[in-house]
Structure formats: C-alpha cells, structure tokens
There are 2 protein chains.
Amino acid sequence: MTNQTSGTPPRAATLTDVARLAGVSIATASKAINGRDQVKAETRLRVLEAAERLSFAPNALARGLLKGRTGTVGLLTSDLEGRFSIPVLMGAEDAFGAGRVSVFLCDARGDAIREQHHVRALLSRRVDGLIVVGSRTDPRPPLGAEVPVPVVYAYAPSEDPEDMSITADGVGAGRLAVEHLLSCGRRKIAHVSGDPAYKAAQDRATGAAAALEAAGLSLVGNQTYFGSWSEGWGRGAARMIVEQHPDVDGFFCGSDQIARGVLDALRELGRDVPGDASVIGFDNWEVLTTNARPQLTSVDMNLERVGRIAAQRLFAAIDGTRRPGIEELPCRVVTRESTAPIS
Amino acid sequence: MTNQTSGTPPRAATLTDVARLAGVSIATASKAINGRDQVKAETRLRVLEAAERLSFAPNALARGLLKGRTGTVGLLTSDLEGRFSIPVLMGAEDAFGAGRVSVFLCDARGDAIREQHHVRALLSRRVDGLIVVGSRTDPRPPLGAEVPVPVVYAYAPSEDPEDMSITADGVGAGRLAVEHLLSCGRRKIAHVSGDPAYKAAQDRATGAAAALEAAGLSLVGNQTYFGSWSEGWGRGAARMIVEQHPDVDGFFCGSDQIARGVLDALRELGRDVPGDASVIGFDNWEVLTTNARPQLTSVDMNLERVGRIAAQRLFAAIDGTRRPGIEELPCRVVTRESTAPIS
DNA sequence: ATACATTCAGAAAACCTTTTCGGCGAGTTT
DNA sequence: AAACTCGCCGAAAAGGTTTTCTGAATGTAT
C-alpha cells in the first residue's frame, strides 16, 4: 500500500493526540514543542518523541487564527506569460521561503476584475501582505485604499508615490550600456529600441543620451530608432543604419531579441562583431545571449534582486517599518563576446 | 490618506461586527451570508447590507479550521527557471483559480531537502492536495507515503504507478512530427535531438522511428543524432548531416533551439527552407519560433493543458475519486513556414 | 380555547493552538 | 514545624466561523 487511500488515518495528528500519547496536557505539549521553558527536560523529550511518532505538524490555521498573523503573503502577477514577472517572482519566493513564509500565487492576466477578485480571496485568507508584480516599468494604478495589509509593487511601480515600489533603474541602465560601449572605444553609437510607448524604452534612451552627452557625443542619426521588441526589427534597423551611417561602430539594443536581429544583419552585411562594431543587448536572457554568434553582451536588470528586495520591504512593512516611495535598483552589464575594445 | 498606515482600523471586520451592526446573532448573520434558509428575507437583507458596509470577508482560516478543508493546494515545482514548469503551473493556476481554490507556490530548486521542507510547511498549512511539477519527463521518486493528502505529478511522472501522474506523450510527439514531415512529401528525414539521457529524447526518437518504419522508411544515417539542446549543436549537426547525406530533405529537431541552429546552418549552406528541406522544431517556444527565418513549425506539448488536467485530477481525488496511473496527453504540431510540401 | 405545525432567531459546541495564571508538590530557611 | 520559594504542570480563554439544536412566536386546525 503506497498511497493514501488505504489504512492511513484520514485526519492529520493534532496536539491533543500528541499530548495523550505523551501523557501530558495539551498546554505542556505545546510548550514542549515550541521550546518554551516551564517544562522539565525529561517531559519535553517524551512529548517530542510522541510528536515524531505521529509526525505531528502544528495546524497553521489555528495558529494564524490565534496570533493574527498567518505567515503567508500574496504574490499577484499581471502576467506569468511574459519573461519579466518570473524572475521577480523567483526572487520573492526565495526570500520568503527562507523566512518560513508561504506564498500564494495569483495570475490576474492583466485583467483588473480578476485582480480584484484575487485580492479579495487573498484578504479572506488573511495574508500578512501583498506583492504586486507587473510586466512593464510603466506605473500602474494602486490596488485601492481598502487593503488592510501592506502592499509592495515590484517592477511596475504604483502611480501613488506614497506606496512602496521597487523597480529597475531604466535611465541608469541606458547610461551603463552606453558607457560600456564607450569604454570599448566606440564613438559612433546607435540605439535600436522597441516600442516607444514603454516607459522602459524612453528611460533607457534618456540614459543613453545623457551618457553620450557627458562624453561630448551624440547618438548616430541623432535619434533612438524605436520599433518593436523583435528580431525582425533589429535586422531591419541594422541594415538601415549601416546604409545611412556606414561608420557606425556600436549598437545599444533595447532587447536581446533586437540584438539578435542586429547581429544577424551585421553578419550578413559582412561586418565583424566585435571587430567592426560592438553590440550590447538588454534583459540578459540566457537562451538568446549565450546562443548568439558571437555570444551577446547584455544588460541584466537583476530582476531576482528586485523580487528579493520587494520581499524584504514587505517584511519590514509587516513589522511596522514602512518605507514609502519608488526604489530604483541598479542594473549591471554582463560582458560576453559581442563587445570588445577596438582591436 | 491613501495608504493603510493611517486611520483605517488595523483589524479586518469579523462576523461579530456584522451581526452587531445588523442587530442579529452571529449564527443568523452566518446563515444570511451563506445563503442558508432559516432566515427571513428582510433579515438577510439587513445582514448583507451590514456586511457590505464593513466590507466583510469571512476569515478563511476559521472556516478551514472548522470544515477540515482549506480550499488551498500546494504547487511544488522543481525549478521555476526552466521553461517547462511555467506553462504547467499556469494551467494549474488557471484551473484552480476558477474553482475558488488558492495556490501555494513553492520552488524546491531541484533539491530534495528543500522539497521535504516545503511539503512539511504545506501540510502544516493543511492544503487539500499537492501538485508536483517536474522539469523533465523522466520519472521521479514519489514524495513518500507520509503525505495525508492527494498528490498529482505533472510533467515529471512518479516512479510509483499507483500515484497519479499527468505528462506529455513523447513517443506520440515523435510520431506526429515525422508524420507531418512525411505529409510534406519528405522521405530523407534526419532526427537531431538533445541529451540522450533525457527520457524525452529517447521517447521522441522511438516515436519517430516507428512512424518512419510504418512508411517503409528509416532515419537518415540510420540513427538519431543526439547532442545537446543548443543552437550550436543544431548548427554543427546540420552541417555534418548535409555533408554526409546531401539528399536529406527533412529535419526533426529535439528543441526549437536546435532547430534555430539547423535553420541557420542550412541558410549558410545555401539550402532553402522549406524549398529544399522542411524543418520542424519542438516545444513551440514563441520567442524562438516566430522570430526564426523562416518561422518555425514546432511540436507543442500543450503544457498548460497538462497543468489544467492535473488540477482537475487533483480536484477529483480530493472529492474521493482517485484515478491512479500515468496519463500521457497528446501533443500537437503547430505549422508555420519552415515545413511545406515539396514544391 | 386548545393542540399543533411552521417559521425564524439564537445559544452553544466544535475546529486546534497559544498563553496566562493558578496550584501543587518538593525543597529551603529560620 | 512553620513559612517560604521555586519548578513544573494543567485548566481555561481566546481567535472566527459553521452547524445543530432548542425555543419562541406566529399561524392553523379542531
């Protein structure tokens, strides 16, 4: 009999069972198990043995009911599909797991109604706090004032500056990327980005322009080439730029997909990377960066860290230390073969 | 005042509050809210109004404690990193969300110790059931007989045939892929796969061989070309195969990454796809398939469906209807530009 | 007017744990 | 021997909900 349909008791062991088996009261059993004093060493041992024998696990519901804290949090994501939520979620899950907190996962799939529904369900389960994970860095409407527990917004900050938000520093990322290209000796740098409706795209462009200006330079073509976040756009943009500005020697791409397209186009145009031009991508998406030819340098937003910090802020808020405002975490450049000093 | 630090009561409304406001007993309030009879229509209305005013949400902990059912399940994944767990997880979350069940997410990161720890935590929270999601189709050791709630294994089946497992039909998938190539009129079909240590790789090879045999054919080179799941291997394998078997006209690839490599190599060798050869990938990973040139036909394992069905089976088991055994769900071919009848 | 059925509201128990407080017995002091 | 102190255990309450059962009030039949 390997499964639970057979003889095993359908009911999990309770403290009463343990106490009875150990021959003590439930009060004593509780104290023994929770390491309180007021209990003789020998008695404690008896209780612990009994608990072991019954594989007793204290009922977290009862405990939560009593203490007013459940040790659970809600993780509300707007789309699991996209690749940005997942790392944030992993970071948060990681941080909570270490703190004996369990995580409720809800996917609202970008639907406000569903989101409200999930919030209600989570509150009814008496979560101690909430993390709301978005898929873009554009600010989003807050959940509403009705929520009686602390809320932290991750990646997508809240529109309300009084809320707690953790996100990635897009402007800084743009600066970092360009500075990296500059440090490779590149001077004719083009910026191929995605949909200009994304705040992320605008921020990076701002940072890139700032870094160039600080070096007394400006973008090739005096503009950011906005388009879509796809390989196809990367290919098209690269061809166009090379034709119009044959002296281009650096590409800052808004995503790794775009960068893959740029790399492909450059190869087909007979331009060597990184010999003739350096290319840096964005997102540091392993499957794209390490399989590229050459392997792609990319900006990593440290999304797991965003998730971890969000978890920490939520912890603090639950303990009474609220720190309102938007916290922008720095990104980092992961260097691979596609960027190198001019040879 | 937009946040929860200010005036709002720190305590959520309770049934007692509602009852007091409505001027009835908590028993009556409970019955009114839960739609039981034994309550005059007019009274019910008063109670519901009061509940609304206080934005009352019944304490799920108390309810769970009382009824012995919490309406929660645990979703135990071995790695969130990999791209196979996520869709399964989404499917399950979807199915549960619709059934007013909340999901605890735990990532064991492939570590058995951490897994045990999470199982204990979940049992202590009195989940009604457990779904264990793996990242490979190789059977995995079961959780152990100690678990007093139903368990369903998803994607990675349990080694114990008495457990409930839902996975994808690898053999069938291999057959489907080859049949699709055959239906395009291809006769010289090569199979480029990944790490032969994966059961998935073996199963698909088995299915592919069977389908060819049924057509009186055999694989190009009379073997599956095993390697790694990477683009690099796809490129290398394609070059080798074209050299040794110039008449090859179909490639069944073990992953979309491999397929991308194959496509790249074929283009560089001057072979037109799908003119000279059809190429089919595996996993139907959007970012790879739709950005490929030409867009890549691929086998989709319907992983969301795997997750949904797992959730349904778990539901049934919780309600007492256990259905032991491994259930292999069919895959499907998603046709794009890279496969077409010989022109 | 009496016996009875019917409708609706409330009291109380149960779920399981934690914590406070009272009490009992043993050992110590004078 | 009396008065203490100290260490250890158990009774009981609290937390919020659901459900059963009792009881009160009203309406109906005789």
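Quick note on labels: first sequence line is chain A, next is B, and so on, each numbered from 1. Side-chain atoms are counted along with the backbone in the values below, which use heavy atoms only and exclude waters and symmetry mates.
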Identify whether the distance between the nearest side-chain nitrogen and carboxylate oxygen of Arg69(A) and Asp319(A) falls below 4.0 Å.
yes
How large an angle, rounded to 10°, do the end axes of the helix from dA1(C)-dT30(D) to dT30(C)-dA1(D) enclose when each is built from five base pairs?
70°
Who passes side-chain contact (heavy atoms from CB on, under 4.5 Å) against Ser124(A), sequence neighbours left out?
Ala57(B), Ala60(B)
State which residues pass ring pair (Phe, Tyr, Trp, His ring centres under 6.0 Å) with Tyr153(A); sequence neighbours excluded, sorted by chain then number.
none
Cationic N near anionic O, under 4.0 Å, Arg120(B) to Glu115(B)
no
Do you see a donor-acceptor pair shorter than 3.5 Å between the side chains of Thr72(A) and Arg125(A)?
no
One pair to check against side-chain contact (heavy atoms from CB on, under 4.5 Å): Val73(A) and Leu130(A). What are the steps and the verdict?
CA-CA 6 Å; Val73(A) 301; Leu130(A) 239 39; over 6 Å; no
Please report the closest heavy-atom contact between Leu65(A) and Leu61(B), naming both atoms and the distance.
N-CD2, 3.6 Å
Within the sub-3.5 Å range, which N or O atoms of nucleotides 23-26 of chain D have a protein N or O partner, and how far apart are they?
none

Would you jot down, in residue-number order, the residues of residues 29-53 of chain B having a non-hydrogen atom under 4.0 Å from DNA chain C?
Lys31(B), Gln38(B), Val39(B), Lys40(B), Thr43(B)
Give the minimum heavy-atom separation between Glu93(B) and Asp107(A), together with the two atoms involved.
OE2-N, 3.0 Å
What pairs of residues pass the ring-ring contact (aromatic ring centres under 6.0 Å, His included) test when at least one of them lies in residues 104-136 of chain B, not counting sequence neighbours?
Phe104(A)-Phe104(B)
In residues 14-27 of chain B, what residues come within less than 4.0 Å of DNA chain C, judged by heavy atoms?
Val24(B), Ser25(B), Ala27(B)
Interface residues of residues 59-68 of chain B with DNA chain C (non-hydrogen, below 4.0 angstrom)
Leu65(B), Leu66(B)
For a quick test of reading the model, state the closest non-hydrogen atom pair linking Met164(B) to Ala317(B) and the distance between them.
CE-CB, 3.4 Å
ring-ring contact (aromatic ring centres under 6.0 Å, His included) pairs touching residues 47-99 of chain A, sequence neighbours excluded, are Phe84(A)-Tyr155(A), Phe96(A)-Phe315(A)
Sorted by chain and residue number, the salt bridge (charged side-chain N to carboxylate O under 4.0 Å, His left out) partners of Arg20(B) (sequence neighbours excluded) come out as Asp17(B)
State, to 0.1 Å, how close Ile33(B) and Val47(B) come at their nearest heavy-atom pair, and which atoms those are.
CG1-CG1, 3.9 Å
Would Leu105(B) and Leu80(B) count as a side-chain contact (heavy atoms from CB on, under 4.5 Å) if you check the C-alpha gap in whole Å, the side-chain angles of each, and the deciding distance to 0.1 Å?
CA-CA 10 Å; Leu105(B) 176 69; Leu80(B) 276 176; 4.2 Å; yes
According to the side-chain hydrogen bond (donor to acceptor under 3.5 Å, both in side chains) rule, which pairs have a member within residues 55-65 of chain B, sequence neighbours left out?
none
Heavy-atom contact window of chain B on DNA chain C, given 5' to 3' at under 4.0 Å:
dC8(C) to dC16(C)
Applying side-chain contact (heavy atoms from CB on, under 4.5 Å) between Val133(B) and each of Ile86(B), Val88(B), Leu76(B), Val306(B), report the one that passes.
Val88(B)
Below 4.0 angstrom, N of the basic side chain to O of the carboxylate: do Asp111(B) and Arg109(B) qualify?
no
